[in-house]
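Reviewing the structure listed below.
Letters go in sequence order (proteins before strands), and every chain restarts at 1. In what follows, every heavy atom counts, from backbone to side chain, and hydrogens, waters and symmetry copies are set aside. What you see is a predicted model; the values in this text were computed from it and never measured.
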There are 2 protein chains.
Amino acid sequence: MLHIVVLGAGRSAGYFIDYMFQLCKSHQWKLTIADQHTEHLETLFSGYSNAQLKKADVTIASERELLISEANWVVSMLPAFMHTIVAKDCLRLGVNMATASYESDEMRAMRPEIVSKGLQFINECGLDPGIDHMSAMQIIDRLHSEGAQITSFKSYCGGLVAQECIDNPWGYKFSWNPRNVILAGQGTAKYLENDRLKFKPYSRLFREPDSIRFANGTLYDGYPNRDSLSYKEIYGLNEIKTMVRGTLRHTGYCRAWNIFVQLGLTDDSYTFPLSDSTTYFDFFEAFLPGKGDNLKSRLLEFMGSDYEAESVEKILWTGITENVTIPLKGNYSPAFILQDLLERKWKLQPQDRDLVVMQHMFEYTLDGKNMQLSSSLHIEGENNIQTAMGKTVGIPLAISLKNLLLGNCTQKGLLLPVIPALYSPVLRELENDFNIRFEEVETEI
Amino acid sequence: MLHIVVLGAGRSAGYFIDYMFQLCKSHQWKLTIADQHTEHLETLFSGYSNAQLKKADVTIASERELLISEANWVVSMLPAFMHTIVAKDCLRLGVNMATASYESDEMRAMRPEIVSKGLQFINECGLDPGIDHMSAMQIIDRLHSEGAQITSFKSYCGGLVAQECIDNPWGYKFSWNPRNVILAGQGTAKYLENDRLKFKPYSRLFREPDSIRFANGTLYDGYPNRDSLSYKEIYGLNEIKTMVRGTLRHTGYCRAWNIFVQLGLTDDSYTFPLSDSTTYFDFFEAFLPGKGDNLKSRLLEFMGSDYEAESVEKILWTGITENVTIPLKGNYSPAFILQDLLERKWKLQPQDRDLVVMQHMFEYTLDGKNMQLSSSLHIEGENNIQTAMGKTVGIPLAISLKNLLLGNCTQKGLLLPVIPALYSPVLRELENDFNIRFEEVETEI
């Protein structure tokens, strides 16, 4: 009997676990979900005796190894830094492994041994990375098979909040890891534009976002990810002239966020001392030049004459300039203090529906014609538990795993869902059974 | 017979080695200078049989230990990262140690063992750190002894080039480690202003430099160092309201340098691929937004309407926008590519005289009066070998060492030159024998 062990079962794993439970039940496979907290899953885990919940602390090597040694497949839903540790165990114990996270350098170093042991390790099977690769590769493979030459590829994705649920000036609420949002873009973004390498450092990443228009007319801010070119070869786009992969935000978000960046409030490299009485105003004053009570005009002066009052209003809305005591005590980085505040301000409320948006924009030449093809995804969540984010991360991971468990892809080694045997069944099922489908618009340019 | 072993003897160590040679000769102490290259010192090392040059690679543990085990005192003139390694050897082998560099956390962790072994380890005995501490502490101790309350302390230092030797628009040439100049200010600067903590991130450190006026009327740009407050307790300035320690540059340097920062050219965290034919123009274009041949107007547009053409001219002067092949081949960080270019453009020529400037500015209250006291240093070099920088780093280190060798300070442990027994003899000899003296101007405010 095949035995699948899932490590980690946070609240965002609901869709994935539901799917896995039904899958294992219908195939009579054994399923174990291990986490420090499993109470919230107890009602689900009834009616199938080979599905079990285990309370375990998988940061302890012995507990982790015991679980892994009994598995044929391990799925790590743990924080990303744990994947490498789990992968080493899986490799040693001869167990296959899947994650929705980025393939790491450490895992790449294991590639020869994964191959020689005849194992399958698959990563990047969630949303971004995941659905982005799958949907882009389906188009790229189709265009290439038709003889098209792809000259430009721009791909953006964002985890946002549905238009009707926007009740703050940022148009943003957290639907996934807040820390990643606060630290987003640190380093230098690298992309390709008209056959030239382009670099954009953090200090100007949010200043001039691109304006990304969706087929339904909606405009979003888009800013490039750290390395847009790492998938150039993997996607087989060796001759491409323009390639950008980026992140979407509600229009206006980026220039307002740039104020936090310019002030230094997103710095995670040192700590700020918070006493019992330190207020947000005290904290903010430590970063804002100038003097005086009119913070709005000081912020506008700080950002320069071309900056808009609207962006400053967004900053004031967060409460970061208010004479309110900061609930944290001790030494925390500015980025952490900001995150703690925004987690309260940008909290997804019970009836809020989150939003996942993605758009690929291709330019290609075929039969002497210059064509443009956009392919967009727009998925809204049900509430703050059944989120679009949880669904679009969890379901493709589960389907990818099913596909491998059923032996539909026999390639061994370290895998990414960029080949038809891996992406086709996932995209088909997402469309047919979950209504997760891309809208394509093709025009001659 | 006391035996002093000096590890490292780069070209900038000339003043230090001259002094040590005369000192050891007159006291009949044994002196060993160890370096991979010692040829340039051979003519100096004659006439005293107990002074010897040793060719050695002190990165090899066995070679290093052999040298250290024969010493009573070791002076490390090696790159800063080597000091900790040398310190561990000295601690194990029971040898005293001196450097002109910052006391590191690793060395602080050794403090109990240094004390228990009855050793003396002294750091920060050069210029900055070094003369800055000594000269500031002499004034602070004097003011405190008079009953003054010091409310503000601003201290700036710069290694520049003499006015008559300025033949480039930056007013700058390298007189010390170029890498430190290129990477200067990365992180977030922290200082105290009117009893408030203030933070300035790298992205705006060079945008609005302070204007620092010397007693002779000269104005310099000044920008705050990373942590101005780390010496607050050490200096005994617990009640101070304003405290800034910073770096001086020729007026106009900072805003021009900010263009490199904003473009991302000072980033040392990733590599840029250089082919056989990559030109500076190609490299520069990867960072500059927009299109077109008029780089000057593109740069001005990039920096915003309030930026001055003069700063852009400084960038163009470096040659970084020219269609000239970059001599480096392979993968280098943007910061390294910029450093390599500037090392040629900002090279100190044989007849160039470098310049060391330092200014302390105190505000204090005494007998109901509010007073301001400035104390400034202005030292010019002789040529590109006998530099003001080499002199002001090497001589105070040598005098500090002499003072300890003669037993004039019996305190054991990890020392800094912030107590009279350590700073007084150095400042006195610097003034009397080397004409390194501060000018004081005191006014009521």
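Contacts between residues 264-271 of chain A and chain B, defined by a heavy-atom separation under 4.5 Å, are made by A/G264, A/D267, A/S269, A/Y270. Close approach to chain B, defined as a heavy atom under 4.5 Å from one of its heavy atoms, is seen in A/T188, A/N194, A/R196, A/L197, A/K198, A/F199 of residues 182-200 of chain A, taken by number. Listed in order of number, the residues of residues 202-213 of chain B that approach chain A to under 4.5 Å between heavy atoms are B/S203, B/R204, B/R207. Within residues 324-343 of chain B, no residue has any heavy atom closer than 4.5 Å to a heavy atom of chain A.
Contact annotation for A/F284: neither backbone nor side-chain heavy atoms come within less than 4.5 Å of a heavy atom of chain B.
Other residues, nucleotides and ligands contribute more than 12 heavy atoms inside 6.0 Å of the CD atom of A/Q372. In the displayed structure, A/K314 atom NZ is contacted under 6.0 Å by more than 12 heavy atoms of other residues, nucleotides or ligands. Atom CG of B/N323 sits in a crowded spot, with more than 12 heavy atoms from other residues, nucleotides or ligands closer than 6.0 Å.
Taking chain B as the reference chain and counting heavy-atom pairs below 4.5 Å, the highest number among A/F287, A/F272, A/F283 is found for A/F287.
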